[in-house]
Amino acid sequence: MHTKNDAADIFRQLAEGVGNSGSPRFYATLVERLATILGVDHVLVADVTQLHRAETLAVWSDGGLVSNITYSLAGTPCETALGRECCLYPRDVQSRFPDDKLLCELGAESYLGRALYAADGALIGLLAVLKNSPMQQGDLANEILHIAAAQAGAELGRQKAEQALRESEEVARESERRLDTLLNHLPGMAYRCLNDRAWTMQLVSQGAEVLTGYRPDELQGNRLISFAALIHPDDQDKVFHEVQSAIANRRPYRVIYQLRHRDGGYRWMWEQGQAVMDEAGDIICLEGFISDMTDQQESQRVQNAVVQVASTVTTQVGDGYFQQLIATLVKVLEADAGFIALLHTSPQGNESVYGKATTVSMVVDGAQREPYTFALRGSPSEQVVLEREAVMHDGPPLLLPGTLLPTKAWIGRRLDNANGEVIGVMMVFYRQPLTTNAFATSVLQILSTGAAAELERRRDHRHMHQLAYTDSTTGLPNRIRFMELLAEMWKEAHQAGSGLSLLLLDIRRFKEVNDLHGHQVGDQLLVTVADRLAKLSRSYGSLARLSGDEFALLVADTTPSGISDLAEQLRLAVKPPLHLERRVFHLDVSIGFAHYPQNVSEAGELFNAASIALHHAKRRENSICPYTQTMRHALQRRQRMTERLSAAITEHRLELYFQPQVNLTSGRLTGAEALCRWHDAEWGWVSPGEFIPLAEERGLIRALGDWVLEESARQLLAWREQPEGGLPGRLSINISAQQFADPELTRHIGQLTAGVSPSAIALELTESDFMRDPDQAVEITHTMRQAGYALSIDDFGTGYSSLSYLRRFAADALKIDISFVREMLDNHHDRTIVQTIIAMAQALEMKTVAEGVETRDQANLLAEMGCNEAQGYWFGRPLPADKFAAQWLTT
């Protein structure tokens with residue numbers, strides 16, 4: 001326990017570690033201090049990206065900083081830590097997450113993690129501490145981690161906010177660059193000047209050289225000549241007074257005058273501008289645009305049109321850019337319709353060709369239209385793609401793709417990417433024939449470069465969006481997109497006062513397909529199942545693939561009875577045999593579902609409720625299961641039981657009971673079986689039939705098995721010290737399948753039972769556990785026999801054993817399951833099975849032990865059949881060690 005002074009010192013150290021926000025070493029100092037304060041081996045703080053990946057900001061491991069890493073959150077404890085509370089795995093974290101390579105590399109035994117949140121509540125990162133030994137979550141440690149997580153989240157949120165600001169500034173600079181690029185490519189001169197008689201230029205666009213023959217730098221600041229000196233002497237006073245009059249009336253000025261070119265000739269100019277004033281009304285400068293009117297009307301219209309378009313769209317990005325661009329373009333070109341379309345490639349032979357196009361923005365008669373996909377072949381767009389620029393002045397009536405608008409004329413410009421490859425088209429359409437196209441083609445030509453660049457950026461963005469939100473195997477929305485859909489649909493249902501249902505589907509025994517036939521076949525099965533589910537669910541709601549073999553379906557405003565019918569339809573849709581690579585697969589699905597608002601009140605609760613229902617569906621014969629509150633209570637009990645069982649194992653609050661095993665001929669004690677019992681302070685006696693399967697499911701069975709082995713050894717040694725000389729025969733100890741999967745099991749058992757001779761121990765494993773990996777079982781059983789341990793096959797007859805493997809197992813005994821013994825007096829089938837097992841054991845030179853013998857008649861019949869030993873209530877119930885010794889080990 002920490003004293004107040006200890007706690008104060010700890011918080012002082014923590015404050016020193018997190019008090020340097022903004023420092024480049026903030027995260028490094030934080031992880032180092034946390035490792036010291038919490039006494040752990042590893043600490044990491046990481047940024048969590050939208051791709052469900054973690055990018056570490058600092059990692060402390062085994063006494064020093066190590067290089068940062070990036071890793072997927074899937075299948076790691078970090079994935080489960082992304083909640084509002086601390087996530088603790090006090091031990092065996094590697095066995096809980098076998099696919100997490102980082103845990104193995106670090107040698108971590110326990111894990112404690114906490115999510116990091118920004119000021120707006122958004123999840124942005126995580127903080128995790130790991131230890132190479134078991135870890136307890138005390139109040140002080142929890143508070144320390146809470147404080148550190150809050151500070152780390154604030155720092156990471158600050159950094160992200162700064163990054164967002166930089167990106168925003170970059171967008172603004174890009175908008176300025178676009179406008180600057182646009183203006184400097186116009187066939188005219190944009191300027192900013194002082195309101196003096198010399199029109200002293202402060203800023204001049206590149207068009208000045210074509211217009212006047214002078215470079216911009218020669219005009220700026222009157223370095224070589226003033227702009228006023230270039231105006232025809234007859235026009236100088238007129239221009240000055242017209243400009244001053246417009247300024248006095250606070251309106252733009254428009255003037256026409258002659259300007260002397262550097263080559264000595266005069267050209268007619270049209271100028272438009274306005275005064276820029278400060279808050280006090282004083283003139284700061286004049287800004288305007290000058291164009292050559294020598295080729296008057298068309299050129300003037302082009303400049304006005306482009307400036308109008310540019311001023312409308314330069315601050316827009318993405319879809320807004322295209323919508324504003326095409327709407328303004330149709331208006332200034334006096335067209336009836338127009339669109340910008342993105343081309344799609346399709347494979348043909350060894351190369352790809354453009355087969356279709358989709359409008360990213362379309363305007364018809366001033367109104368925006370939805371995107372439309374059309375075939376390129378035979379359309380005006382095909383001619384534009386082939387010729388780069390094409391015009392139809394007066395052609396046969398043609399319906400605009402996706403509309404009923406008849407058009408007789410059109411103008412189009414091809415859009416190319418930075419590599420010169422065609423990616424789209426920009427077109428305008430007219431109901432009536434065209435008499436000229438120079439104006440429109442000039443405008444399209446000027447604007448095509450910017451439109452192409454934005455189209456390429458948009459296409460790349462869409463591709464990245466697709467990668468982030470679409471499952472690559474099935475093409476369905478992935479888990480990230482599904483969670484967004486869930487939030488959106490729940491919000492709509494909540495606001496409308498309607499219902500929302502969620503169905504979760506899991507393919508039964510899909511892992512076996514992957515393991516036996518490979519992931520390629522597994523992926524093909526997933527695609528087929530996804531197609532079957534999609535065809536049925538398309539008219540009901542939104543289908544997504546959440547993980548390996550788990551799918552989800554959101555259905556709006558449907559009754560619970562309707563969802564039950566839909567679930568059955570989905571199950572039947574998957575049932576038909578699947579034929580792949582000359583194999584036939586028979587699949588089934590487990591389906592759990594829940595409803596809003598009948599079952600839950602929040603979107604997150606809806607997903608949680610459906611997950612609980614799916615969990616129950618997997619454990620039932622009937623594979624469809626609706627959610628009930630009873631399920632949540634049962635799951636909460638299992639979770640609470642897991643925590644209490646873990647503590648009971650760690651704190652040695654379990655107890656061993658011993659059941660006698662006797663010789664059926666002599667009636668003498670031949671050994672005993674060690675049985676684990678648990679008396680909880682709150683719940684009382686907890687059935688082994690409940691807590692042992694739970695330990696296997698929740699990763700506690702190895703710890704429980706180790707405790708049983710250690711406690712059994714301790715008790716054998718204690719009995720050996722008694723005058724009676726200890727337990728005759730062997731003590732039978734059950735070994736779980738998870739323990740048996742350890743190739744080093746024999747050595748591990750020897751360490752746990754040090755001081756006890758292997759000849760005093762018999763290890764029991766169920767028949768089905770033997771057959772999970774028969775070849776490895778053969779190897780391990782031989783190693784055990786060589787070490788001196790006896791080995792029994794428990795519950796024999798309830799599983800499926802190959803006789804060839806049974807002969808190879810180095811087993812000493814077969815234990816006849818209680819289910820056969822209980823009914824053998826009245827059921828001749830069970831009696832035959834028992835007789836067959838005894839005969840088989842005799843042929844293989846193995847002894848037989850019958851379980852669950854409760855009557856004299858059962859014991860007598862077993863003896864007549866040749867069974868060697870038995871245990872059960874007829875001989876004695878399981879007893880605590882002292883009572884067992886008093887009854888069975890005294891002379």
I'd like to know if the side chain of [X] reaches the main chain of [Y], judged simply by a donor and an acceptor atom lying under 3.5 Å from each other, with no hydrogens or angles considered.
| X | Y | value |
| --- | --- | --- |
| Glu109 | Asp92 | yes |
| Asp41 | Asn132 | yes |
| Ser623 | Ala617 | no |
| Arg644 | Trp683 | no |
| Gln786 | Thr783 | no |

Test of understanding: with side-chain contact (heavy atoms from CB on, under 4.5 Å), list the residues that count as partners of [X], not counting sequence neighbours.
| X | answer |
| --- | --- |
| Arg668 | Ser666 |
| Ala881 | Phe658, Gln715, Trp719 |
| Arg677 | Tyr657, Leu675, Trp685, Pro688, Pro878 |

task: Look at Lys847 together with Asp812 and state whether they make a salt bridge at an N to O cut-off of under 4.0 Å.
output: no
- prompt: Is any NZ, NE, NH1 or NH2 atom of the basic residue among Arg637 and Glu690 found under 4.0 Å from an Asp or Glu carboxylate oxygen of the other?
  reply: yes
Which atom names give the shortest non-hydrogen contact between [X] and [Y], and what distance separates them?
| X | Y | answer |
| --- | --- | --- |
| Ile749 | Thr753 | O-OG1, 2.7 Å |
| Ala754 | Leu717 | O-CD1, 4.3 Å |
| Glu711 | Leu656 | CG-CD1, 3.5 Å |
| Ile761 | Ile733 | CG2-CD1, 4.0 Å |
| Leu505 | Leu503 | CD1-O, 3.9 Å |
| Glu869 | Asn663 | CG-CA, 4.3 Å |

query: With Arg638, which residues qualify under side-chain hydrogen bond (donor to acceptor under 3.5 Å, both in side chains), at least two apart?
result: Glu697
- prompt: What pairs with Arg720 under side-chain hydrogen bond (donor to acceptor under 3.5 Å, both in side chains), at least two apart in sequence or on another chain?
  reply: none
- prompt: For Trp707, is the NZ or CZ atom of Arg702 found under 6.0 angstrom from the centre of its six-membered ring and inside 45 degrees of the ring axis?
  reply: no
- request: Take Arg91 and Ser110 through the side-chain hydrogen bond (donor to acceptor under 3.5 Å, both in side chains) test and state the conclusion after the steps.
  value: CA-CA 4 Å; Arg91 63 190 302 144; Ser110 53; over 6 Å; no
query: How long is the span from the CD atom in Glu764 to the CG atom in Asn734, to the nearest 0.5 Å?
result: 5.0 Å
query: Less than 4.5 Å apart, any side-chain heavy atom of Leu106 and any of Gln94?
result: no
Verdict with reasoning, Asn599 to Gln629, per side-chain hydrogen bond (donor to acceptor under 3.5 Å, both in side chains): CA-CA 8 Å; Asn599 300 136; Gln629 284 295 331; over 6 Å; no
- prompt: Using the ring of each side chain (for Trp, its six-membered ring), is Tyr111 parallel, tilted or perpendicular to Tyr89, with breaks at 30° and 60°?
  reply: tilted
task: For the residue pair Arg822 and Gln858, confirm or rule out a side-chain donor-acceptor distance under 3.5 Å.
output: no
message: Going by ring pair (Phe, Tyr, Trp, His ring centres under 6.0 Å), name the residues that satisfy it together with Tyr627, two or more places apart in sequence or in a different chain.
response: none
message: Testing Asp549, Asp506, Asp588 one by one against Lys618 for a salt bridge (Lys or Arg N to Asp or Glu O under 4.0 Å), which residue passes?
response: Asp506
